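Lettering of chains follows the sequences in order, A, B, ..., and the numbering in each one begins at 1. None of the values given here were measured: they were computed from a predicted structure.
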Protein chains: 2
Amino acid sequence: MTRTASEIDLEQRDAPRTVSEAIYRRLRSDIIWGVLVPGAPLRSDELRRKYDVGISPLREALSRLASERLVTSSGQRGFRVAPIGDASVVDITRTRLVIECAALERSIEVGDVAWETRVVATHHALSRVPFPTSQGAEAEVWTRRHKAFHMALLSACQSEWQIYLADLLFDQAERFRILRAVKTAAAGRQRDPAKEHQEIVDAVLDRDLERSIAALRSHYRVTMEMALEALASPAEEALQ
Amino acid sequence: MTRTASEIDLEQRDAPRTVSEAIYRRLRSDIIWGVLVPGAPLRSDELRRKYDVGISPLREALSRLASERLVTSSGQRGFRVAPIGDASVVDITRTRLVIECAALERSIEVGDVAWETRVVATHHALSRVPFPTSQGAEAEVWTRRHKAFHMALLSACQSEWQIYLADLLFDQAERFRILRAVKTAAAGRQRDPAKEHQEIVDAVLDRDLERSIAALRSHYRVTMEMALEALASPAEEALQ
DNA sequence: TTATTTTTAAATTTCCAAATTTGAGGTATC
DNA sequence: GATACCTCAAATTTGGAAATTTAAAAATAA
């Protein structure tokens with residue numbers, strides 16, 4: 001999958017300026033993608049060797065991740081990858097719906113043509129990547145565009161905080177979405193998110209608040225329910 | 001002002017276990033109380049001397065504060081106390097209303113007698129401290145109990161995330177509430193928050209959702225409007 | 001005078017070694 | 001046998017010195 005010039009530009013524009021920032025992003029990505037498995041201890045010496053960085057930027061990154069709740073930390077007893085449980089899946093889904101519904105409502109109220117254009121553009125870019133059936137470069141592109149689309153929906157809400165929190169919770173949810181995808185890949189059951197996204201776009205462009213929010217709710221509820229199913233059958237992990 | 005045994009216990013129970021944690025709390029408190037003024041640069045050497053800690057725990061604390069948005073950080077150019085502007089005051093107020101209204105709604109729906117008791121208890125404790133007219137030990141007690149009361153209102157929402165975010169935004173709002181209090185102390189204009197709190201408690205105990213949310217909205221809107229007024233007249237700062 | 005380059009001091013960031021803390025396993029005591 | 005108390009290796013945490021980067025002042029060129 002080739003990447004457009006604008007995507008490369010975007011990444012270079014905010015390329016990590018410090019080792020701290022770089023290791024933060026790598027750890028963050030590895031946690032979200034399940035490379036570092038939920039609950040696993042994050043020992044400084046191990047990580048220092050594995051990622052080839054000093055202790056200071058490493059700890060700094062872990063502290064940041066801790067306040068984003070992607071890792072847990074208890075004084076003098078080190079850091080761990082934050083576990084994923086039924087309760088947190090439900091909680092994260094509920095909470096991000098609270099924030100995103102509010103932000104979407106505002107966006108629909110005050111969004112201008114530039115906003116509509118962003119929604120249409122990010123949706124189109126997403127629709128041209130097939131929904132990935134396994135991890136790899138394609139899955140990463142899909143994931144990036146998927147997030148870009150959802151954030152575009154909220155981008156006219158005129159609230160930096162709501163966008164920041166939605167971003168935070170999106171990544172939290174990404175963890176269990178990916179966990180689900182990995183676990184049920186063998187079973188072959190797939191959803192059709194393209195249709196769900198199309199419904200959201202249609203409702204949003206019609207400026208139909210109720211329908212938009214219903215579509216978003218249902219979209220996230222499906223994700224949540226599939227994640228809960230995956231969590232209920234941890235045995236499948238053993239199937240290869 | 002004496003402190004109850006339970007309050008002391010509470011603090012000792014989660015006393016800082018590391019220097020990192022301790023300096024984090026001190027910085028946080030100093031930022032919220034305006035000791036470290038909005039926009040001021042936070043130079044490592046200065047702070048290291050002032051708070052008598054090493055660089056490592058200091059940076060760690062600053063990183064955490066940065067992801068809580070109490071300080072800003074730009075790579076290689078250090079940290080600053082997050083500025084307070086009209087836009088952020090409005091944004092924080094709007095966003096915390098989104099979260100707190102959702103959490104309050106749920107609490108009213110599912111809260112049991114233990115929750116009602118927490119609301120009544122924290123409200124009573126708060127009502128017995130006079131609304132402070134200047135900074136000092138009393139102001140700190142009032143502030144602690146004020147937060148305890150507001151968090152008690154949400155404490156039955158069954159969402160750790162919503163409580164965490166409400167907590168985060170409460171402290172953000174505390175910054176401009178205190179800023180306002182300091183600036184207009186000379187002018188003598190005061191509000192009567194006790195009445196506002198009473199209205200919230202009454203509505204909540206009646207399980208009247210609409211009235212509860214209206215009372216909370218109005219409570220926070222007053223805070224916001226007074227903060228905006230204070231921001232509009234920065235000249236008053238010069239009066240002493 | 002204005003613009004560009006060079007220098008330089010100040011500040012941030014990073015590595016690393018020393019100090020501290022934890023928890024497990026062994027030993028003594030009741 | 002159970003409990004309390006050491007001992008010690010492993011891991012976290014911390015302080016400071018070295019390396020890097022920034023930004024402002026000085027010098028040079030246009």
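Looking at heavy-atom distances under 4.0 Å, B/Leu42 makes contact with sugar-phosphate atoms alone, never a base.
Ion pairing of B/Asp45 with B/Arg49 is present here, as a side-chain N (NZ or NE/NH1/NH2) and a carboxylate O approach within less than 4.0 Å.
In this structure, the CZ atom of B/Arg49 is 11 Å from the P atom of D/dG16, given to the nearest Å. One atom, OH of B/Tyr51, and another, P of D/dG15, lie 16 Å apart when rounded to the nearest Å. For A/Ile23 and C/dC15, the CD1 to P distance is 10 Å, given to the nearest whole Å. Going from atom CG of B/Leu47 over to atom C1' of D/dG15 covers 16 Å, rounded to whole Å. Between B/Leu62 atom CG and C/dT14 atom P there is a gap of 14 Å when expressed in whole angstrom units. Between B/Leu58 atom CG and D/dT14 atom C1' there is a gap of 12 Å when expressed in whole angstrom units. Taking atom CZ of residue A/Arg43 and atom P of nucleotide D/dA9, one finds them 18 Å apart after rounding to whole Å.
Of the options A/Leu65, A/Leu36, A/Val81, a side-chain contact (heavy atoms from CB on, under 4.5 Å) to A/Val71 is made by A/Leu65 and by none of the others.
For the residue pair B/Thr72 / B/Arg80, no side-chain donor-acceptor distance below 3.5 Å is found, with atom types taken as modelled.
Minimum heavy-atom separation, A/Phe79 to A/Ser63: CE2-N, 4.2 Å.
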Original post:
How does each nucleotide of nucleotides 16-22 of chain C score, in 5' to 3' order, for protein heavy atoms under 4.0 Å: base (B), sugar-phosphate only (S), or none (-)?
Top reply: B----SS

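If you find the closest nucleotide of DNA chain C to A/Glu21 and to B/Glu46, the one lying nearer the 5' end belongs to B/Glu46.
Applying the side-chain contact (heavy atoms from CB on, under 4.5 Å) test to A/Thr18 and every residue at least two apart in sequence or in another chain returns A/Ser20, A/Glu21, B/Gln76.
With C/dT13, C/dT14, D/dT14 as the candidates, the nucleotide lying closest to the side chain of B/Thr18 is D/dT14.
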**OP:** Kindly determine whether B/His146 and B/Phe170 satisfy ring-ring contact (aromatic ring centres under 6.0 Å, His included), including the steps that lead there.
**Re:** CA-CA 10 Å; B/His146 183 229; B/Phe170 196 96; 5.6 Å; yes

